[in-house]
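Just so it is clear: chains get the letters A, B, ... in the order the sequence lines come, proteins before strands, and each one is counted from 1.
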Amino acid sequence: MALLEIQNVTRRFGEFTAVDGVSIDIEAGEFFTLLGPSGCGKTTLLRMIAGFDLPDGGRIVLNGLDLAERPPEERPVRTVFQSYALFPHMTVEGNIAFPLQMAKTPAAAIPGKVQEALEDVRLTGFGKRYPHELSGGQKQRVAIGRALVTHPTVLLLDEPLAALDAKLREEMQIELINLQKEVGITFVYVTHDQTEALALSHRIAVMNKGRVEQIDEPSRLYSFPASRFVADFIGTCNLLEGPVASSSDGIVAIEVAGLGTVRVAAAPPAAPGAGTIALRPEKIRVQAAASASSAAGDRPDNRFLGTVTEYLYLGDVTVYIVTTPAGRKLETLLANSGAGRTKFFEIGDAVEVSWPVDAGHFIGQSDRSASSN
Amino acid sequence: MQARARLGRWLVSGPPVLYLLVFFAAPALIMVLASFRTPGDFGGLAPLVEDGRLDLNLDSYARFFTESVYAQIFVKSVWYALLTTLFCLLLAYPLAALIARSAKKHRDLLLLLVILPFWSNFLIRIYAWMIILGPNAALAKTVNGMLGWFGHEPVPLLFSSFAVLVCLVYVHLPFMVLPLYANLEKHDRALLDAAQDLGAGAWQRFWRITFPLSLPGVYAGAALVFIPALGIFAIPDILGGPEDSLIGNVIKQQFLETRDWPFGSVLSIVLTVAALVLAGTAAWIGRGSLGTPSSAEAARA
């Protein structure tokens, strides 16, 4: 039995269904992320776990106990709010002591626990300060320390890093991972930032329009997206779409407009019709057209000619947009790892793009209809 | 460039400064001066220079500090003002909280209702209470009917301390509601969510979060109620009994009936100083108990 079971939970606001029959099992000690664009229902789901909102249908079960009848203050669940929601009239110590006081902790035990929490979030010595005397990152730590000091069963984090700048966010990500390992408390993390989700989580539930599109480990979500939405939302993806031309020996071929026949390693689709191949930019090999044809040694199954029409130099990598003669654009990515190299191609260069059959991921028709539902 | 900026500053700040000098500082100075002078034979003030020497003395101050009846009235006035402030706070807080939490489209209407009494004349509103509390009004009849069941003598509601206090609270209530509303309206809902999430029940959320954060509003409202309530004379005049004379009544009496201007000035000065000291003390305590963050900070965080 999972620690936190979200069973077929639905929440409607008038005509709008914010959360639509969502079922998720979250295990003890897991760093679980609800990922999706704004309005996908992830925050509503989080508020229902915290108790600020109640499901119209379905159940939320924690440790085998239905939470429906419990107000937020009686749930062994704590939330780190996006705005931190630190009490401005209390010092850092006062803020962290607050949940202990509410839990009727003996007064003598409070200072020790507060100090411990301050150490956990690396704020020793900041206890006497007021929230307005702290930086954004420090406020964040106080909010986390305050939520963790009573050792809740589950910690909910609502876009906690959204207000921090990029550099600080990366630091806090590493700290969050370490902290979660240290305290061993189940984290349920809400974000719309897919890189953050990939970096932090043990498992991710990708949500769209109130439904769960896919629940999986970060690497599997990235490599084997179950729907067009997931493929597109997580990282960058070339979505090659078209009718299925043939299917044999574990190879499915699709007729892609402006490109031609694209082959991908996949089980035969359950239903005939259209399919999509999700192809990550970094899986595509780009070579100068002249040198490519002579490289007969390894002949990838998918080879197309095109012209470099745009590029984006990003420092560590360069994104090249390759356009086929028929006008199909493919996004490719090359690491600038060679010594002294600035860029591989110029705009207008004729190139050959190629990838093996196992580079792409086939998404069948049935997945598509599920995601657009 | 700098000269022009300075000129601009003077043009902007000049008129209000001049206004305050002429209509506030000058009268206050005249009053202070009058408090050291001798009352005239037929009221007003005796000539300042008599027989070639300046006629300034401390007689009126001596009178205030030796005749204990004035100190007693003074203490009673402070007591009434404190009671008024307390009752206003108790009544205004829930009202202000209700308005602050009601839907935005209803707030303006509710606030309008709060300030609606200002649209009719102050004295007329006091006289209205004469009718409400009068012996033949429904209120008095109901109260005395109920007292009758318990075998109690009927009590007059009008011309009593009760009438004075009720009207004092009524008149000053909006001055407590408005600053409280202005404060409560800015409170961040997320703080209450956080408190609840951290295990605080409804009472603790109020007592540990909402109330401390509303203290600047409480102090502002208390000052706006206490200071005018301390000097009021119309309400005890119209609704009070003979025992309900407050310091405002005595001051009015000194100027208009007894025509002892110097003594009236002394009483006014004592009243002003007392109000300043009390308000200053309250502000000082308020700042100490709230920690460093201002209400603006509290609202933003």
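Taking B/Lys105 as the reference, nothing meets the salt bridge (Lys or Arg N to Asp or Glu O under 4.0 Å) condition, with sequence neighbours excluded. For A/Lys181, the side chain to side chain contact (heavy atoms under 4.5 Å, CB included) partners two or more places apart in sequence, or in a different chain, are A/Ile177, A/Asn178.
The two residues A/Ser83 and B/Ala190 come nearest to each other via the heavy atoms OG-CB, 3.9 Å. Residue B/Ala200 comes nearest to A/Phe98 through the heavy atom pair CB-CZ, 3.8 Å, listed as atom of the first residue, atom of the second, then distance. Between A/Ala147 and B/Leu198 the shortest heavy-atom distance is CA-CD2, 4.3 Å. Closest approach of A/Arg146 to B/Ala194, counting heavy atoms only: NH2-CB, 3.7 Å.
Residues A/Phe87 and B/Leu213 have side chains not in contact (no heavy-atom distance under 4.5 Å, counting atoms from C-beta outward). Between A/His89 and B/Ile209 there is a side-chain heavy-atom pair separated by less than 4.5 Å. B/Asp193 has its side chain within reach of A/Arg47: a pair of non-hydrogen atoms, C-beta onward, lies under 4.5 Å apart.
Contacts between A/Arg75 and chain B at a heavy-atom distance below 4.5 Å are absent for every atom of the residue. Contacts between B/Arg205 and chain A at a heavy-atom distance below 4.5 Å involve the side chain alone, from C-beta outward. When heavy atoms are compared at a cutoff of 4.5 Å, A/Gln101 approaches chain B solely by way of its side chain, counted from C-beta outward. If you measure heavy-atom distances from A/Val77 to chain B, the contacts under 4.5 Å come from the backbone alone. Using a 4.5 Å cut-off between heavy atoms, B/Gln196 touches chain A through backbone and side chain atoms alike.
For B/Phe206, the CZ atom is densely surrounded, since the number of other residues' heavy atoms within 6.0 Å is greater than 12. For CZ of B/Phe118, the number of neighbouring non-hydrogen atoms (other residues, nucleotides, ligands) closer than 6.0 Å is greater than 12. Other residues, nucleotides and ligands contribute only 12 or fewer heavy atoms inside 6.0 Å of the NZ atom of A/Lys113.
Using a 4.5 Å cut-off between non-hydrogen atoms, no part of residues 22-39 of chain A approaches chain B. Of all residues spanning residues 61-74 of chain A, those with a heavy atom less than 4.5 Å away from chain B's heavy atoms are A/Pro72, A/Glu73, arranged by number.
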